[in-house]
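Please read the structure below before turning to the comments.
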Amino acid sequence: MADYFEEMGWQPLSDGEAPDGLLHLARLLRDFGMFDVLGEDKKLPPPAAKEAVENLAERKCTDADEKCAVCLKEYTVGDIVKILPCKHDFHPACILPWLEKTNSCPVCRYEMPTDDENYEQYRKEKLRAKQREADIENLHNSMFS
């Protein structure tokens with residue numbers, strides 16, 4: 001089991017290092033939901049990571065009945081399509097400009113990695129909060145069912 005610092009992605013203070021008061025204030029505001037009240041909890045997603053976009057899988061289209069979900073045009077046999085990790089496929093001319101603006105699939109909102117460290121930390125914190133809620137619900141149900 002991970003200790004507190006590993007779980008939160010922090011390191012203990014080294015000898016002679018003073019705690020950061022602003023960081024403690026930010027954590028206090030977060031813990032009491034003040035960012036939610038101020039509207040700071042809704043961050044717009046940044047573009048997808050360049051490396052993730054460059055490494056998208058491609059395939060040649062063999063079925064003319066499929067459509068691109070962005071432009072709604074049917075693929076022609078032999079078209080090269082880009083495939084996102086969620087298995088949705090698109091014309092490269094349609095999906096590449098989209099991924100330059102946001103990191104999510106236009107169909108299912110699957111989020112690809114980004115180059116923005118702050119957003120990745122925010123996303124990790126959101127996931128941790130969901131997991132804590134599920135754990136609390138599970139604990140409550142196991143105690144009172």
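- Here K124 contributes atom NZ and Y119 contributes atom OH; the two are 14.5 Å apart, rounded to the nearest 0.5 Å.
- Side-chain contact between L56 and L99 is present, with heavy atoms from C-beta onward closer than 4.5 Å.
- From K130, atom NZ reaches atom CD of E133 across 11.0 Å, with rounding to the nearest 0.5 Å.
- Transitive grouping of hydrophobic side chains (ILVMFWY, heavy atoms separated by less than 4.5 Å) keeps Y122 and M112 in distinct clusters.
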E125/R132 under salt bridge (Lys or Arg N to Asp or Glu O under 4.0 Å): CA gap, chis, key distance, verdict: CA-CA 10 Å; E125 184 62 34; R132 279 193 297 266; 3.2 Å; yes
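- If you take CD on E66 and CD on E74, they are separated by 10.0 Å, rounding to the nearest 0.5 Å.
- Checked by atom type and distance alone, the side chain of W98 never pairs as donor or acceptor with a backbone atom of C105 at under 3.5 Å.
- Rounding to the nearest 0.5 angstrom, the gap separating the CG atom in D115 from the CG atom in N103 is 10.5 Å.
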For residues 79-92, run the donor-acceptor check on the side chains, cut-off 3.5 Å, and write out each pair with its distance to 0.1 Å, sequence neighbours left out.
unit_1, atom_1, unit_2, atom_2, d
D79, OD1, T76, OG1, 2.8
D79, OD2, T76, N, 3.0
D79, OD2, T76, OG1, 3.1
K82, NZ, E58, OE2, 2.8
D89, OD1, Y75, OH, 3.3
D89, OD2, R59, NH2, 2.4

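- Within the model, atoms CG of N118 and CZ of R123 stand 13.5 Å from one another, a figure rounded to the nearest 0.5 Å.
- Identified under the side chain to side chain donor-acceptor pair (under 3.5 Å) test for residues 45-54, with sequence neighbours left out: none.
- Under the side-chain hydrogen bond (donor to acceptor under 3.5 Å, both in side chains) criterion, D135 pairs with Q131, sequence neighbours left out.
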